[in-house]
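I have placed the structure first, in the form of structure tokens, so that the comments after it can refer back to it.
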Amino acid sequence: MTKLLKISAFALVSILSLPAYSQDNTQVFANCLADSLNGKERKELAKWIYLSMSVHPTLQSYSKSSDEDREQIDQRIGELVTRLLTENCPSELRAANKTDSLAIQRGFEFVGQVAMQEIMTNKATAEALAGYARYIDQEKIAAIATGEAASK
């Protein structure tokens, strides 16, 4: 009976792990990208994200960045991405790309999250992001959440 239980457990684990195979390769690739970055490079990526977003018409008036600033950061990020894909993580890229056609996109989404974490750990940034909380009507929200608003 114990042998049958072990075989059944092994079979179940094997079946359950099949669909996750491509995700595993992609996650290994994403981890390689993130692990290959130093703190300065993560900050550079966050800076690139910020400068890229600053050209949006809604945000443009709040940024003092210039075309030259964006050109310089684009060049640095281009060099960084080339290094990551060709020197740091080529075998991981190859394996992930075989099983996931969106591996590069998913890998750099993860890298973007890591880069933003670098910025979010700054105390002033965290306080600025939480600033809106002063204006939340917590009583109104609590009334809706508990169902009290519907009975009034």
_Step-by-step side-chain contact (heavy atoms from CB on, under 4.5 Å) determination, Ile77 to Gln75_ = CA-CA 6 Å; Ile77 297 305; Gln75 183 179 357; over 6 Å; no
*asked:* The test is side-chain contact (heavy atoms from CB on, under 4.5 Å); show your working for Glu41 and Arg83 and say whether it passes.
replied: CA-CA 12 Å; Glu41 290 166 336; Arg83 188 199 82 211; 2.5 Å; yes
If every non-hydrogen atom of [X] is compared with every non-hydrogen atom of [Y], which pair is closest and at what distance?
{"X": "Met120", "Y": "Ala126", "value": "O-CB, 4.0 Å"}
{"X": "Met53", "Y": "Leu59", "value": "O-CD1, 3.3 Å"}
{"X": "Ser65", "Y": "Leu51", "value": "CB-CD2, 3.2 Å"}
{"X": "Leu84", "Y": "Phe108", "value": "CD1-CE2, 4.1 Å"}
{"X": "Phe110", "Y": "Ala34", "value": "CE2-CB, 3.7 Å"}
{"X": "Thr121", "Y": "Glu118", "value": "OG1-O, 3.0 Å"}

_Before you tell me yes or no, could you show the steps for Asn25 and Lys98 under side-chain contact (heavy atoms from CB on, under 4.5 Å), namely the whole-Å CA-CA distance, both residues' side-chain angles and the distance that decides it to 0.1 Å?_
CA-CA 9 Å; Asn25 284 340; Lys98 285 181 182 177; over 6 Å; no
_Qualifying side chain to side chain donor-acceptor pair (under 3.5 Å) pairs with a residue from residues 123-136, counting only residues at least two apart or across chains_ = Asn122-Thr125
Measuring from [X]:[atom1] to [Y]:[atom2], what's the distance to the nearest 0.5 Å?
{"X": "Leu37", "Y": "Leu33", "atom1": "CG", "atom2": "CG", "value": "7.5 Å"}
{"X": "Lys40", "Y": "Arg76", "atom1": "NZ", "atom2": "CZ", "value": "8.0 Å"}
{"X": "Arg106", "Y": "Ser101", "atom1": "CZ", "atom2": "OG", "value": "7.0 Å"}
{"X": "Ile104", "Y": "Thr26", "atom1": "CD1", "atom2": "OG1", "value": "10.5 Å"}

*Yes or no on side-chain contact (heavy atoms from CB on, under 4.5 Å) for Phe29 and Asp24, after CA distance, side-chain angles and deciding distance?*
CA-CA 9 Å; Phe29 169 60; Asp24 288 343; over 6 Å; no
*Please check if the side chain of Asp69 supplies one atom and the backbone of Ser66 the other of a donor-acceptor pair under 3.5 Å.*
yes
*Could you walk me through whether Gln105 and Glu109 pass the side-chain hydrogen bond (donor to acceptor under 3.5 Å, both in side chains) check?*
CA-CA 6 Å; Gln105 177 183 335; Glu109 284 173 359; 3.1 Å; yes
*Can Leu93 be reached from Val114 by stepping across I, L, V, M, F, W or Y side chains whose heavy atoms are under 4.5 Å apart?*
no
